[in-house]
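The structure appears right after this line, and notes come after that.
We number each residue from 1, following the sequence as shown.
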Amino acid sequence: MTIVLGEPGVDGLGEAVGVLREWQHDGAPMQLHPGDLGWFWRSGAEATSEAVRTWSRDGRILAVGLLDGPGLLRLTIAPDAQRDTELAQQLVADVTEPERGVLPEGKVSIEAPAGALVQDLLCEDGWNLDEPWTPLRRDLTEPVEEPGVRIEVVGPEQAHVFATVHRSAFDGSTFTDERWHAMAAGLPYADARCLVAYDRQGNAVASVTVWSAGPGRPGLLEPMGVHREHRGHGYGKAISVAAAAALQELGSSSAIVCTPSSNVGAVAAYQSAGFQQRPEVRDRYRDA
(Lines give C-alpha, C1' and ligand atoms only; values in the text may rest on other atoms or scores of the structure.)
Protein backbone atom coordinates (compact mmCIF):
# COMPACT_ATOMS: atom_id res chain seq x y z
CA MET A 1 0.00 0.00 0.00
CA THR A 2 1.09 3.58 -0.68
CA ILE A 3 2.33 5.84 2.11
CA VAL A 4 -0.05 8.82 2.42
CA LEU A 5 1.07 12.19 3.78
CA GLY A 6 -1.78 13.98 5.52
CA GLU A 7 -2.85 16.87 7.71
CA PRO A 8 -5.27 15.65 10.38
CA GLY A 9 -7.34 18.80 10.83
CA VAL A 10 -8.82 19.65 14.20
CA ASP A 11 -11.09 16.60 14.15
CA GLY A 12 -8.13 14.28 13.52
CA LEU A 13 -5.90 15.55 16.31
CA GLY A 14 -7.33 13.01 18.75
CA GLU A 15 -6.05 10.13 16.62
CA ALA A 16 -2.60 11.68 16.34
CA VAL A 17 -2.42 12.22 20.11
CA GLY A 18 -3.64 8.64 20.63
CA VAL A 19 -0.90 7.00 18.57
CA LEU A 20 1.74 9.19 20.21
CA ARG A 21 0.56 7.85 23.57
CA GLU A 22 0.81 4.26 22.34
CA TRP A 23 4.36 4.75 21.04
CA GLN A 24 5.79 5.93 24.37
CA HIS A 25 7.59 3.26 26.37
CA ASP A 26 10.51 3.06 28.75
CA GLY A 27 13.70 2.39 26.84
CA ALA A 28 12.49 4.20 23.73
CA PRO A 29 14.74 6.89 22.25
CA MET A 30 13.81 10.48 23.04
CA GLN A 31 10.94 11.25 20.70
CA LEU A 32 7.89 13.40 20.06
CA HIS A 33 5.51 13.02 23.01
CA PRO A 34 1.79 13.84 23.26
CA GLY A 35 2.86 16.55 25.69
CA ASP A 36 4.75 18.28 22.89
CA LEU A 37 1.47 18.65 21.02
CA GLY A 38 -0.16 19.68 24.29
CA TRP A 39 2.32 22.51 24.84
CA PHE A 40 1.94 23.64 21.21
CA TRP A 41 -1.85 23.77 21.84
CA ARG A 42 -1.29 27.09 23.63
CA SER A 43 -1.64 28.57 20.12
CA GLY A 44 -5.08 26.95 19.74
CA ALA A 45 -6.48 23.79 18.18
CA GLU A 46 -6.53 25.21 14.65
CA ALA A 47 -2.86 26.24 14.75
CA THR A 48 -1.93 22.86 16.23
CA SER A 49 -3.75 20.96 13.49
CA GLU A 50 -2.02 23.07 10.84
CA ALA A 51 1.37 22.18 12.35
CA VAL A 52 0.82 18.41 12.45
CA ARG A 53 1.64 15.99 9.64
CA THR A 54 0.90 12.26 9.54
CA TRP A 55 2.17 9.45 7.35
CA SER A 56 -0.19 6.50 6.99
CA ARG A 57 -0.39 3.18 5.17
CA ASP A 58 -3.62 1.26 4.73
CA GLY A 59 -5.32 3.63 7.17
CA ARG A 60 -2.76 3.16 9.96
CA ILE A 61 -0.65 6.12 11.12
CA LEU A 62 3.05 5.16 10.98
CA ALA A 63 4.66 8.54 11.67
CA VAL A 64 3.66 11.87 13.21
CA GLY A 65 5.46 15.18 12.75
CA LEU A 66 5.04 18.55 14.46
CA LEU A 67 6.22 21.70 12.69
CA ASP A 68 7.54 23.30 15.87
CA GLY A 69 8.63 26.54 14.24
CA PRO A 70 9.07 27.67 10.64
CA GLY A 71 11.97 25.34 9.87
CA LEU A 72 11.86 22.52 12.43
CA LEU A 73 10.02 19.22 12.02
CA ARG A 74 9.85 17.10 15.17
CA LEU A 75 9.17 13.60 13.90
CA THR A 76 8.54 10.22 15.47
CA ILE A 77 7.70 6.83 14.08
CA ALA A 78 5.78 3.76 15.25
CA PRO A 79 8.16 1.39 17.06
CA ASP A 80 7.66 -1.40 14.52
CA ALA A 81 8.15 0.92 11.55
CA GLN A 82 11.41 2.68 12.48
CA ARG A 83 13.41 0.58 10.01
CA ASP A 84 10.65 0.44 7.38
CA THR A 85 12.41 1.21 4.07
CA GLU A 86 9.33 2.43 2.17
CA LEU A 87 8.32 4.76 4.98
CA ALA A 88 11.84 6.16 5.47
CA GLN A 89 12.23 6.86 1.75
CA GLN A 90 8.84 8.59 1.64
CA LEU A 91 9.67 10.70 4.70
CA VAL A 92 12.94 11.90 3.16
CA ALA A 93 11.22 12.74 -0.14
CA ASP A 94 8.45 14.65 1.62
CA VAL A 95 10.76 16.73 3.80
CA THR A 96 13.18 17.45 0.96
CA GLU A 97 10.70 18.88 -1.56
CA PRO A 98 9.08 22.11 -0.29
CA GLU A 99 6.08 21.76 -2.61
CA ARG A 100 4.93 18.77 -0.55
CA GLY A 101 4.03 21.13 2.28
CA VAL A 102 6.21 19.84 5.08
CA LEU A 103 9.39 21.94 5.28
CA PRO A 104 10.11 25.17 3.38
CA GLU A 105 13.16 26.07 1.32
CA GLY A 106 16.30 27.25 3.10
CA LYS A 107 17.93 25.96 6.26
CA VAL A 108 15.66 23.46 8.03
CA SER A 109 16.02 20.87 10.78
CA ILE A 110 14.51 17.50 11.64
CA GLU A 111 14.31 15.79 15.02
CA ALA A 112 13.87 12.04 14.62
CA PRO A 113 14.40 9.01 16.89
CA ALA A 114 17.97 7.75 17.14
CA GLY A 115 18.31 4.46 15.30
CA ALA A 116 15.47 5.10 12.85
CA LEU A 117 16.28 4.40 9.20
CA VAL A 118 15.28 7.94 8.25
CA GLN A 119 18.37 9.14 10.16
CA ASP A 120 20.62 7.05 7.89
CA LEU A 121 18.93 8.26 4.72
CA LEU A 122 19.09 11.91 5.73
CA CYS A 123 22.82 11.49 6.42
CA GLU A 124 23.31 9.94 2.98
CA ASP A 125 21.37 12.86 1.50
CA GLY A 126 23.81 15.38 3.03
CA TRP A 127 21.93 16.44 6.17
CA ASN A 128 24.37 17.39 8.95
CA LEU A 129 24.23 16.92 12.72
CA ASP A 130 23.17 19.95 14.76
CA GLU A 131 24.02 20.97 18.34
CA PRO A 132 23.63 18.25 21.03
CA TRP A 133 20.70 17.92 23.40
CA THR A 134 20.73 15.97 26.67
CA PRO A 135 17.79 13.69 27.50
CA LEU A 136 17.30 12.85 31.17
CA ARG A 137 15.06 10.29 32.86
CA ARG A 138 13.89 9.59 36.40
CA ASP A 139 12.41 6.19 37.26
CA LEU A 140 9.13 6.47 39.18
CA THR A 141 8.83 2.97 40.62
CA GLU A 142 10.06 4.20 44.02
CA PRO A 143 8.43 6.91 46.20
CA VAL A 144 9.39 10.48 45.33
CA GLU A 145 10.79 12.67 48.11
CA GLU A 146 9.24 15.94 49.23
CA PRO A 147 10.38 18.95 47.15
CA GLY A 148 11.04 21.14 50.21
CA VAL A 149 8.96 24.08 48.99
CA ARG A 150 5.25 24.84 48.71
CA ILE A 151 3.81 23.54 45.44
CA GLU A 152 0.43 24.47 44.02
CA VAL A 153 -1.43 22.92 41.08
CA VAL A 154 -2.46 25.68 38.69
CA GLY A 155 -6.14 26.08 37.86
CA PRO A 156 -7.87 28.74 35.77
CA GLU A 157 -7.67 31.26 38.63
CA GLN A 158 -3.86 30.92 38.85
CA ALA A 159 -3.18 31.05 35.10
CA HIS A 160 -1.74 34.55 35.44
CA VAL A 161 0.76 33.34 38.06
CA PHE A 162 2.02 30.55 35.83
CA ALA A 163 2.22 32.92 32.85
CA THR A 164 4.20 35.50 34.81
CA VAL A 165 6.78 32.98 36.01
CA HIS A 166 7.09 31.44 32.57
CA ARG A 167 7.69 34.79 30.86
CA SER A 168 10.37 35.63 33.41
CA ALA A 169 12.06 32.24 33.04
CA PHE A 170 12.28 32.26 29.25
CA ASP A 171 13.68 35.24 27.37
CA GLY A 172 11.38 36.33 24.58
CA SER A 173 8.40 34.32 25.83
CA THR A 174 5.00 35.62 24.76
CA PHE A 175 3.04 33.26 27.02
CA THR A 176 -0.16 34.81 28.41
CA ASP A 177 -3.16 33.87 30.52
CA GLU A 178 -5.11 33.35 27.29
CA ARG A 179 -2.51 30.91 26.02
CA TRP A 180 -2.72 28.95 29.26
CA HIS A 181 -6.48 28.62 28.82
CA ALA A 182 -6.05 27.52 25.19
CA MET A 183 -3.50 24.89 26.27
CA ALA A 184 -5.71 23.67 29.13
CA ALA A 185 -8.59 23.21 26.67
CA GLY A 186 -6.49 20.86 24.51
CA LEU A 187 -6.92 17.10 24.43
CA PRO A 188 -3.50 16.24 25.96
CA TYR A 189 -4.11 18.47 28.99
CA ALA A 190 -6.67 16.01 30.35
CA ASP A 191 -3.63 14.07 31.63
CA ALA A 192 -1.42 17.06 32.47
CA ARG A 193 -0.72 19.41 35.36
CA CYS A 194 0.84 22.85 35.69
CA LEU A 195 2.69 23.41 38.96
CA VAL A 196 4.08 26.54 40.59
CA ALA A 197 6.64 26.60 43.43
CA TYR A 198 6.60 29.33 46.11
CA ASP A 199 9.34 30.51 48.43
CA ARG A 200 8.88 31.19 52.16
CA GLN A 201 7.83 34.78 51.45
CA GLY A 202 5.05 33.60 49.15
CA ASN A 203 6.74 34.57 45.88
CA ALA A 204 6.07 32.36 42.85
CA VAL A 205 9.60 31.23 41.94
CA ALA A 206 9.37 28.34 39.45
CA SER A 207 6.89 26.59 37.19
CA VAL A 208 6.58 23.36 35.25
CA THR A 209 4.04 21.54 33.12
CA VAL A 210 3.93 17.74 33.20
CA TRP A 211 2.27 15.55 30.59
CA SER A 212 1.22 11.95 31.14
CA ALA A 213 1.02 9.55 28.21
CA GLY A 214 -1.11 7.18 30.26
CA PRO A 215 -0.45 4.69 33.06
CA GLY A 216 2.77 2.73 32.75
CA ARG A 217 4.27 5.07 30.15
CA PRO A 218 6.88 7.84 30.38
CA GLY A 219 5.60 11.30 31.28
CA LEU A 220 7.19 14.51 30.01
CA LEU A 221 8.30 17.77 31.64
CA GLU A 222 7.70 20.57 29.13
CA PRO A 223 8.49 23.30 30.03
CA MET A 224 10.28 23.91 33.36
CA GLY A 225 11.66 27.31 34.32
CA VAL A 226 12.81 29.38 37.28
CA HIS A 227 11.94 33.07 37.67
CA ARG A 228 15.02 35.12 36.76
CA GLU A 229 14.94 36.96 40.11
CA HIS A 230 15.00 33.71 42.11
CA ARG A 231 17.70 31.64 40.48
CA GLY A 232 20.53 30.00 42.37
CA HIS A 233 18.43 28.82 45.33
CA GLY A 234 17.62 25.26 44.27
CA TYR A 235 14.14 25.97 42.96
CA GLY A 236 14.90 24.19 39.66
CA LYS A 237 15.61 21.03 41.63
CA ALA A 238 12.53 21.51 43.83
CA ILE A 239 10.06 22.00 40.97
CA SER A 240 11.59 19.06 39.07
CA VAL A 241 11.10 16.79 42.09
CA ALA A 242 7.51 18.04 42.36
CA ALA A 243 7.05 17.31 38.65
CA ALA A 244 8.24 13.74 39.15
CA ALA A 245 5.79 13.31 42.05
CA ALA A 246 2.92 14.69 39.96
CA LEU A 247 3.67 12.29 37.10
CA GLN A 248 3.86 9.40 39.57
CA GLU A 249 0.38 10.34 40.82
CA LEU A 250 -0.81 10.31 37.20
CA GLY A 251 0.51 6.75 36.81
CA SER A 252 3.62 7.46 34.74
CA SER A 253 6.41 4.87 34.83
CA SER A 254 9.13 7.48 34.48
CA ALA A 255 9.67 11.20 34.01
CA ILE A 256 11.61 12.40 30.98
CA VAL A 257 12.93 15.74 29.81
CA CYS A 258 15.34 17.01 27.16
CA THR A 259 17.39 20.21 27.28
CA PRO A 260 20.21 21.70 25.18
CA SER A 261 23.52 20.27 26.38
CA SER A 262 24.87 23.84 26.40
CA ASN A 263 22.38 24.67 29.18
CA VAL A 264 24.59 23.16 31.86
CA GLY A 265 22.55 24.76 34.66
CA ALA A 266 19.38 22.97 33.56
CA VAL A 267 21.18 19.64 33.18
CA ALA A 268 22.60 20.03 36.69
CA ALA A 269 19.19 20.94 38.14
CA TYR A 270 17.57 17.84 36.68
CA GLN A 271 20.41 15.62 37.86
CA SER A 272 20.13 17.03 41.38
CA ALA A 273 16.43 16.10 41.25
CA GLY A 274 17.25 12.46 40.57
CA PHE A 275 17.14 12.45 36.77
CA GLN A 276 19.75 10.29 35.05
CA GLN A 277 21.51 11.61 31.97
CA ARG A 278 21.07 9.56 28.79
CA PRO A 279 23.14 9.64 25.57
CA GLU A 280 23.04 12.97 23.76
CA VAL A 281 20.81 13.38 20.71
CA ARG A 282 21.14 15.73 17.75
CA ASP A 283 18.78 17.07 15.13
CA ARG A 284 19.65 16.82 11.44
CA TYR A 285 19.80 20.02 9.44
CA ARG A 286 20.08 21.01 5.80
CA ASP A 287 21.86 24.24 4.88
CA ALA A 288 20.09 26.81 2.75
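Checked by atom type and distance alone, the side chain of Arg74 never pairs as donor or acceptor with a backbone atom of Asp36 at under 3.5 Å. A distance-only check finds no donor-acceptor pair linking the side chain of Ser252 to the backbone of Gln248 [under 3.5 Å]. Judged by distance alone, the side chain of Ser168 and the main-chain N or O of Thr164 form no donor-acceptor pair under 3.5 Å. A distance-only check finds a donor-acceptor pair linking the side chain of Gln24 to the backbone of Leu32 [under 3.5 Å]. Side chain of Gln119 to backbone of Ala112: a donor-acceptor contact under 3.5 angstrom is found. Between the side chain of Arg278 and the backbone N or O of Thr134 there is no donor-acceptor pair closer than 3.5 Å. Side-chain atoms of Asp199 come within 3.5 Å of backbone N or O of Asn203 as a donor-acceptor pair. Not a single donor-acceptor pair under 3.5 Å links the side chain of Arg53 to the backbone N or O of Leu67. Side-chain atoms of Gln31 come within 3.5 Å of backbone N or O of Trp23 as a donor-acceptor pair. Trp55 contributes no side-chain N or O that, together with a main-chain N or O of Ile3, makes up a donor-acceptor pair within less than 3.5 Å.
Of the inter-residue distances, the one linking Gln90 atom CD with Thr85 atom OG1 reads 13.0 Å to the nearest 0.5 angstrom. Atoms CZ and CH2, on Arg193 and Trp211 in that order, are 11.0 Å from each other to the nearest 0.5 Å. For the atom pair Ser109 OG and Leu73 CG, the distance stands at 10.0 Å (nearest 0.5 Å). Taken to the nearest 0.5 Å, the CG atom of Asp58 stands 10.5 Å off from the OG1 atom of Thr2. Distance CG/Leu195 to CE/Met224: 12.0 Å, rounded to 0.5 Å. One finds the CG atom of Leu75 at 13.5 Å from the CZ atom of Arg284 (value rounded to the nearest 0.5 Å).
Side chains of Val208 and Phe162 form no contact here, defined as non-hydrogen atoms less than 4.5 Å apart. Two residues are said to be in side-chain contact when any heavy atoms from C-beta on lie closer than 4.5 Å; Thr209 and Pro223 meet this criterion. Using a 4.5 Å cut-off on side-chain heavy atoms (C-beta onward), Val52 and Glu7 make no contact. Between Leu66 and Trp39 there is no side-chain heavy-atom pair separated by less than 4.5 Å. The side-chain heavy atoms of Arg60 and Leu62, taken from C-beta on, include a pair separated by under 4.5 Å. At a threshold of 4.5 Å between non-hydrogen side-chain atoms, the residues Ile239 and Ile151 count as touching. A heavy-atom distance below 4.5 Å is found between the side chains of Tyr189 and Trp180. No side-chain heavy atom of Val241 sits under 4.5 Å from any side-chain heavy atom of Phe275.
For Pro98 against Glu105, the heavy-atom pair with the smallest separation is CG-CG, 3.4 Å. Residues Gly59 and Glu15 approach most closely at O-OE2, 4.4 Å, considering heavy atoms. Tyr285 approaches Leu129 most closely through the heavy-atom pair CE2-O, 3.3 Å. Pairing each heavy atom of Tyr270 with each of Leu221, the nearest pair is CE2-CD2, 4.0 Å. Across all their heavy atoms, Ala213 and Pro34 have their closest contact at CB-CG, 4.0 Å. Between Ser43 and Arg179, the shortest heavy-atom contact is OG-NH1, 4.0 Å.
Judged by the 6.0 Å and 45° rule, Arg150 forms a cation-pi pair with Tyr198.
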Going through the checks in order, is the salt bridge (charged side-chain N to carboxylate O under 4.0 Å, His left out) test met by Lys237 and Glu145?
CA-CA 12 Å; Lys237 171 186 176 181; Glu145 66 272 22; over 6 Å; no
Could you go through Val196 and Gln158, starting from their C-alpha distance and side-chain angles, then the distance that decides it, and tell me whether this counts as side chain to side chain contact (heavy atoms under 4.5 Å, CB included)?
CA-CA 9 Å; Val196 170; Gln158 296 85 33; over 6 Å; no
Are His227 and Ser207 close enough, and set up right, to give a side chain to side chain contact (heavy atoms under 4.5 Å, CB included), and what steps lead you there?
CA-CA 8 Å; His227 195 292; Ser207 65; over 6 Å; no
Evaluation steps, salt bridge (charged side-chain N to carboxylate O under 4.0 Å, His left out), between Arg57 and Glu86:
CA-CA 10 Å; Arg57 180 167 56 208; Glu86 181 188 22; 2.7 Å; yes
I would like to know whether Leu20 and His33 meet side chain to side chain contact (heavy atoms under 4.5 Å, CB included); could you show each step before the answer?
CA-CA 6 Å; Leu20 286 177; His33 189 278; over 6 Å; no
Show, in sequence, the C-alpha distance, side-chain angles and deciding distance for Arg228 and Asp171, and conclude whether the salt bridge (charged side-chain N to carboxylate O under 4.0 Å, His left out) test is met.
CA-CA 9 Å; Arg228 66 167 57 93; Asp171 293 338; 3.1 Å; yes
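No option in Leu72, Val95, Val118 other than Val95 meets the side-chain contact (heavy atoms from CB on, under 4.5 Å) test with Ile110. Among the candidates Arg282, Glu280, Gln277, the single residue satisfying the side chain to side chain donor-acceptor pair (under 3.5 Å) test with Ser261 is Glu280. Applying the side-chain contact (heavy atoms from CB on, under 4.5 Å) test between Val92 and each of Leu87, Leu121, Leu117, Asp120 identifies Leu121 as the sole match.
Heavy-atom contacts from other residues, nucleotides or ligands closer than 6.0 Å to CG of Asp11 number 12 or fewer.
For Asp139 and Ser254, the side-chain atoms include no donor-acceptor pair closer than 3.5 Å.
In this structure, the ring of Trp41 has its center no less than 6.0 angstrom from the ring center of His181.
Using a 4.0 Å cut-off between charged nitrogen and carboxylate oxygen, Arg21 and Asp191 count as a salt-bridge pair.
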